[in-house]
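Report on the structure given below.
Each residue takes its place number in the sequence, starting with 1.
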Amino acid sequence: MANEIDETTQSTQSNLDSAGPGRACLVVIFGASIGKWFPLDAGPVTIGRSPSCTLIVPENSVSREHARIVFDGQTAFLEDLGSRNGTKLNRDRVQRSALQNGDLIQIGATILKYLSGSSIETQYHEEIYRLATIDPLTGVQNRRSFADMLEREVSRATRHKTQIGLALIDVDNFKQVNDTHGHPIGDDVLRELAWRLRSSIRREDFLARYGGEEFVLILPDTDAAGARSVCEKLRKIVAEEAIVIGKLALKVTISIGFVAIEGGPDATSAKLLAAVDAKLYEAKAGGRNVVFG
């Protein structure tokens, strides 16, 4: 994804260089053309599958003319155009609503961010940096950022001869959620899970989306007993309360494998990852909704 963002940034820079003060724009932060920039001062921006749209979103769940954004020079308004699956603003379906700086617009599986004000170029580059380190679907750190952090934490544990814990978290039977309710509902489940996990860990812990329905958690200065306690807490937080999406109430569980080691010459990121992956496999084989370490 980083290469795609870098290429898009280069092609976008010439447009940003000519942006005047107060210019508003949309940035694609999830979906096709991630990082692409669309100005909002040259007439309405239409969004949909049709080739005639300003911003083409080639997804079956998106209507031919799905939504549009109208900018009156002061305020941008998002309008749904009678789409089949609706238009979401900050996760809520809307018919027509004024936009504020930083608002997130969801069309199908594509997510756009609205930027406005006198520092569009600065905001744009901040957003591109964020895209390089943050998973846009869930809002937690991405795999690239996790790999960098794990290397640093393993080195720190070795330097100070402290312990480090690592947990790998997998959503049980997630394919069934997607097959039964559709991928948009599956995405909402992952967002809610990420929020629950992130809000239940220490400030110094590091949560990232590892891929698909897997999350990974770095636990600095944590021994095996401490890692098990954290993992059991997270498992219960997910299992004990259904995830409510519209009229649906979904019971979701997670399985967690964890390891904890003391820093030293034999401690490496690769060994930690291999060990925690094996523990997660044992957790899944042990019946799911369990912690194994």
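Side-chain atoms of Ser229 do not come within 3.5 Å of backbone N or O of Ala225 as any donor-acceptor pair. Checked by atom type and distance alone, the side chain of Lys88 never pairs as donor or acceptor with a backbone atom of Ile107 at under 3.5 Å. Looking at Arg143, its side chain never comes within 3.5 Å of a backbone N or O of Asp135 through a donor-acceptor pair. Thr133 places no side-chain N or O within 3.5 Å of a backbone atom of Ser145 that could act as its donor or acceptor partner. Between the side chain of Thr158 and the main chain of Gly264, a donor-acceptor pair closer than 3.5 Å is present.
Val140 and Leu168 fall into different hydrophobic clusters, where Ile, Leu, Val, Met, Phe, Trp and Tyr side chains are chained together by heavy-atom contacts under 4.5 Å. A single hydrophobic cluster is not seen to contain both Leu217 and Leu272; linkage of ILVMFWY side chains at heavy-atom distances under 4.5 Å, directly or through other members, places them apart. No chain of hydrophobic side-chain contacts below 4.5 Å, direct or via other Ile, Leu, Val, Met, Phe, Trp or Tyr residues, connects Leu234 to Ile218.
Sorted by first and then second residue, the side-chain hydrogen bond (donor to acceptor under 3.5 Å, both in side chains) pairs with a member in residues 259-276 read Glu151-Ser269; sequence neighbours excluded.
Phe30 CZ: more than 12 foreign heavy atoms inside a 6.0 Å radius.
Under the 3.5 Å distance criterion, with hydrogens and angles disregarded, no donor-acceptor pair is assigned to the side chains of Thr87 and Arg96. With no hydrogens or angles considered, a side-chain donor-acceptor pair links Asp172 and Ser255 at under 3.5 Å. Asn289 and Arg235 are linked by a side-chain donor-acceptor pair at a separation below 3.5 angstrom, with hydrogens and angles left out of the test.
With sequence neighbours left out, the salt bridge (Lys or Arg N to Asp or Glu O under 4.0 Å) criterion links Arg196 to Glu192.
The minimum heavy-atom distance linking Leu197 with Ile254 is given by the pair CD2-CD1, 4.3 Å.
Tested against Lys279, the residues Val291, Val259, Leu166 include a single side-chain contact (heavy atoms from CB on, under 4.5 Å) partner, Val259.
We find that Lys284 and Asp170 are joined by a salt bridge, their nearest charged nitrogen and carboxylate oxygen being less than 4.0 Å apart.
Cation-pi check for Arg228 over Phe258 is not met; the charged atom does not lie both under 6.0 angstrom from the ring centroid and within 45 degrees of its normal.
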